[in-house]
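A short worksheet on the structure shown next.
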Number of protein chains: 2
Amino acid sequence: MSELDSIDTAMLRILQQNGRISNAELAERVGLSPSACSRRLDILEKSGVISGYHAHLSQKALDYRMIAIVHISLSGQFAKTLAEFEAAVKLCPNVLVCYLMSGEYDYILRVAAKDLADYERIHRDWLSALPHVVKINSSFALREIIDRPNVGV
Amino acid sequence: MSELDSIDTAMLRILQQNGRISNAELAERVGLSPSACSRRLDILEKSGVISGYHAHLSQKALDYRMIAIVHISLSGQFAKTLAEFEAAVKLCPNVLVCYLMSGEYDYILRVAAKDLADYERIHRDWLSALPHVVKINSSFALREIIDRPNVGV
DNA sequence: ACCGTCTTCGCAAGGACATTGCGCGTGACT
DNA sequence: AGTCACGCGCAATGTCCTTGCGAAGACGGT
């Protein structure tokens, strides 16, 4: 993919906020004809700049209401150690987010569970089984204050 | 909104994974006519069960590449203290996620910044100005391992 | 300067899609 | 039994998406 010009970034900004906008309206808002806009959108999708579109559900509609934040320390920082841990953590479907971090802990995870019993199962069957882990620290979200998909939306 | 039946939840599950699916295909996959599906979708959107649709962009396409995880402790747990903090934190557009937490810290924030200089500005102008804060601890994401919008996708 | 190439545009057409009104069937409640 | 409310499918209409096509502009080599 070549560089993104100002029209591409305008399209992306709009689609971040309204992923189901029609091509016709998107075209009008960025000042293109529908055909040109459709072709650009096709390129953005096929090149992977846009990795997908997702409906955002209100929390009450979700089966997975409980959010845990999990801090994890490994036994070392060797590349092989990190790679093995990362390959394993990717397999757990309840892990929504995982970052390699600076600071006290090596990784931070955002884990979704249906309830406390479900989290206990996830902790036992998945998190405890991750390789090279020497410390796991789970905290639970008591209330969601903000959950924005993108900056400034 | 009344209860969600199995067709509604099937629609939601599909839309979580593919927010730009056509109504015709969605109808076929849940076993409804396009008209019935369109009417159900309208209800789900208007009632707020679906709060929006968003394009998910690859990290390289984003202006905001840097993710900071910020732990915050307040000077007390009084309802008024929490409410004032929450009202203030909601105003910062760079805060993507904010949870009231159990455990050592009161709040955990996910903050997006363009670069370190941008984060320094956010920290100075927004985070330091939040009321009742007694401790702020910022960590930075070195690498993104997982970023799923939903469970099991 | 000229010409070939490459890119991206707008226009137009045909096919697909979304939406709305309408009538029917089902189940609950009187 | 009658009535009412609800949700469905069908059909029609208007809108939208996509693709082929030709033109305009950018760029580089001769």
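Note: hydrogens, waters and symmetry copies are ignored here, and every other heavy atom, side chains too, is used. In this text, all values refer to a predicted model and were calculated from it rather than measured experimentally. Letters go in sequence order (proteins before strands), and every chain restarts at 1.
- Of the candidate nucleotides D:dT18, D:dG9, C:dT19, C:dT19 has the atom nearest to the side chain of B:Asn23.
- Between the CD1 atom of B:Ile7 and the P atom of D:dG7 there is a distance of 11 Å, rounded to whole Å.
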I'd like to know whether A:Asp42 forms a salt bridge (charged side-chain N to carboxylate O under 4.0 Å, His left out) with A:Arg39, so could you lay out the CA-CA distance, the side-chain angles of the two residues, the decisive distance to 0.1 Å, and finally the verdict.
CA-CA 5 Å; A:Asp42 196 52; A:Arg39 278 183 280 248; over 6 Å; no

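- Residue A:Ser33 is classed as a base contact, given a heavy-atom separation below 4.0 Å to a base.
- Nearest-nucleotide assignment on DNA chain C puts the 5′-proximal partner with A:Gly31, out of A:Arg20 and A:Gly31.
- For A:Ser35 against C:dC9, a side-chain-to-base donor-acceptor contact under 3.5 Å is absent.
- Residue A:Ala36 has its side chain nearest to C:dG10 when only C:dG10, C:dT8, C:dA18 are considered.
- Among C:dG10, D:dG7, D:dC16, the nucleotide with an atom closest to any side-chain atom of A:Leu32 is C:dG10.
- When atom types are taken as modelled, the side chain of B:His54 and the backbone of A:Pro149 share no donor-acceptor pair closer than 3.5 angstrom.
- Checking C:dT19, D:dC16, C:dC17 against the side-chain heavy atoms of B:Ala24 singles out C:dC17 as nearest.
- A salt bridge between A:Arg40 and A:Asp5 is present, with a side-chain N of the basic residue lying under 4.0 Å from a carboxylate O of the acidic one.
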Audit row: A:Asp106, A:Phe85, side-chain contact (heavy atoms from CB on, under 4.5 Å) steps and yes/no:
CA-CA 11 Å; A:Asp106 293 320; A:Phe85 171 84; over 6 Å; no

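- Using a 4.0 Å cut-off between charged nitrogen and carboxylate oxygen, A:Lys90 and A:Glu86 do not count as a salt-bridge pair.
- Relative ring orientation between A:His71 and B:His71 is described as tilted, the plane-to-plane angle lying within the 30° to 60° band.
- Ranking C:dC17, D:dC8, D:dC17 by closeness to the B:Arg40 side chain, first place goes to D:dC8.
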Within the 4.0 Å limit for protein heavy atoms, which parts of nucleotides 22-27 of chain C are touched? Write it as a string from 5' to 3', B for base, S for sugar-phosphate only, - for none.
B-----

